[in-house]
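Below, each value reflects all heavy atoms present in this structure, side chains not excepted, and no hydrogens, waters or symmetry copies. Here is how names work: the chains are called A, B, and so on, in the same order as the sequence lines, proteins then strands, and each is numbered from 1.
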Protein chains: 2
Amino acid sequence: MILETKARTILIADDEPDILEIISFNLQSQGYHSICANNGIEAIELAKIHKPDLIILDVMMPGKSGFEVCKFLRALPEFENTIIIFLTALNDDSTQIKGLETGGDDYITKPISPKVLISRVNALFRRITKETGSILQIGDLAIDREKYVVTLNNEEIILARKEFELLALLASKPAKVFLRNEILNKVWGSDVIVGDRTIDVHIRKIRQKLGDDCITTVKGVGYKFQM
Amino acid sequence: MILETKARTILIADDEPDILEIISFNLQSQGYHSICANNGIEAIELAKIHKPDLIILDVMMPGKSGFEVCKFLRALPEFENTIIIFLTALNDDSTQIKGLETGGDDYITKPISPKVLISRVNALFRRITKETGSILQIGDLAIDREKYVVTLNNEEIILARKEFELLALLASKPAKVFLRNEILNKVWGSDVIVGDRTIDVHIRKIRQKLGDDCITTVKGVGYKFQM
DNA sequence: TCTGAATATTAATAAATTGTAAACAAACCA
DNA sequence: TGGTTTGTTTACAATTTATTAATATTCAGA
């Protein structure tokens, strides 16, 4: 589940096929993984399925407008932090302000230059993660998400897949408390139902391998990683 | 639910005094703290002194251009994460792309509408707050909702969940008196029924850990937090 | 300074949450 | 296929947290 995010996924919603194609092509040529939706309803459906890292929304679409899609998605916990860029031919200030206040991260007016769009996408991604490469280094611990390898003091530690993903999640934001729900959604997926003790058991296994102190329990809240 | 109370500092650099004044005035009217620089050199000096949360840079300034200032600041660890917005009359794509690639978070072309600028500033702060979390700081006390940690004079204080949430609520608006009902609704939820003395006991536990003076009883009304 | 209502305090108890071992199931791999 | 690893559940123990109940104290107003 975590590995899938190696390449950033971008969802584009526009009712003009030409625009979809141009943007999609340019994003892919930059190494992004792109998904196209032809209208607002489809955008919401595809967002739920693919969990994109960034969503580009045309404002004026038949059915649900970009603003409506944004408002709808922002209300769902899984999309409250997703980056959203509005794209539109409307260039008046008040619409732009409305877009930014609805929860958009950027607002770009058509006609757009694909290169500018990509620059803006890059700028937003740079802002949210400035990690270098796919190796997470926290103290003596190194987590290589691509190779699926964890080393402590340069000694490899064998973790099973779920253990690895759980550790990688917690370590992605050291000291942040991850709620049990959050962990379930991100490691197991929001549609999977597992018992109450499943997380605990995996936490225990990680603790057995890395030492008890690496993960702290915050009772009634969740777990946090600290080296 | 918990609001950030500290005022954000914004540094504006432009060689046109009129623009400085308009932007500064508008930002201040939104509750931001603004500092003005008349050129690039001054911008760097003032940035080092005031450590702004966000910097607005005119691109074309005598001496050091906005791009040069940005490059210089980004090389310093203390400014590597500071938000930077470019402001310029140049509207060609390649300059915009250069600005974003130099490390700018946004690029706005003149003539600018102050309202749009403010919307963009707000949008960037909103995004950064989501990524880095925010710490509620009241005097010597710091409450980090993301890490679930409370520190008093940099010493960690262990609070149980209800204690933490109760404190976070009261501290979210220092000096405001929270009615008992209000506290019950927000910390316990509107559907939970608990006895009359429950709040008192939790208040007492917080007082034991933080000192008696931090929470004041307003008899017949509720409680308020003050440092 | 009394008096009654509101709040404080303490200790006991209840409730909720997490830890752990072990059994079982499912997936994986020669 | 059989054996091994991995994932999940179960049942129970251990622990922490939340609530109540009983009693003391405070405080404002008569």
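- Protein atom CZ of B/Arg161 is 8 Å distant from nucleotide atom P of C/dT18, rounded to whole Å.
- Distances from the side chain of A/Arg197 to the nucleotides C/dG19, D/dT19, D/dT9 place C/dG19 closest.
- Side-chain atoms of B/Glu156 and B/Thr151 include no donor-acceptor pair closer than 3.5 Å.
- A heavy atom closer than 4.0 Å to some atom of DNA chain D occurs in A/Lys219, these being the qualifying members of residues 207-227 of chain A.
- Closest contact between the side chain of B/Trp188 and the listed nucleotides C/dT18, C/dT7, D/dA18 involves D/dA18.
- The number of heavy atoms from other shown groups lying within 6.0 Å of NZ (B/Lys71) does not exceed 12.
- A salt bridge does not link A/Glu163 with A/Arg207: none of the charged nitrogens is closer than 4.0 Å to a carboxylate oxygen.
- Taking the side chain of A/His202 as heavy atoms from C-beta on, and the options D/dG7, D/dT19, C/dT9, the nearest nucleotide is D/dG7.
- At a threshold of 4.0 Å, the pair B/Glu146-A/Lys173 counts as salt-bridged, since one of the basic side-chain nitrogens sits closer than that to a carboxylate oxygen.
- Looking at B/Ser24 and B/Ser34, their side chains do bring a donor and an acceptor atom within 3.5 Å of each other.
- The side chain of B/Val201 has D/dA21 as its nearest neighbour among D/dA21, D/dG7, D/dT9.
- Closest non-hydrogen pair, B/Tyr223 versus B/Arg180, comes out as OH-NH1, 3.4 Å.
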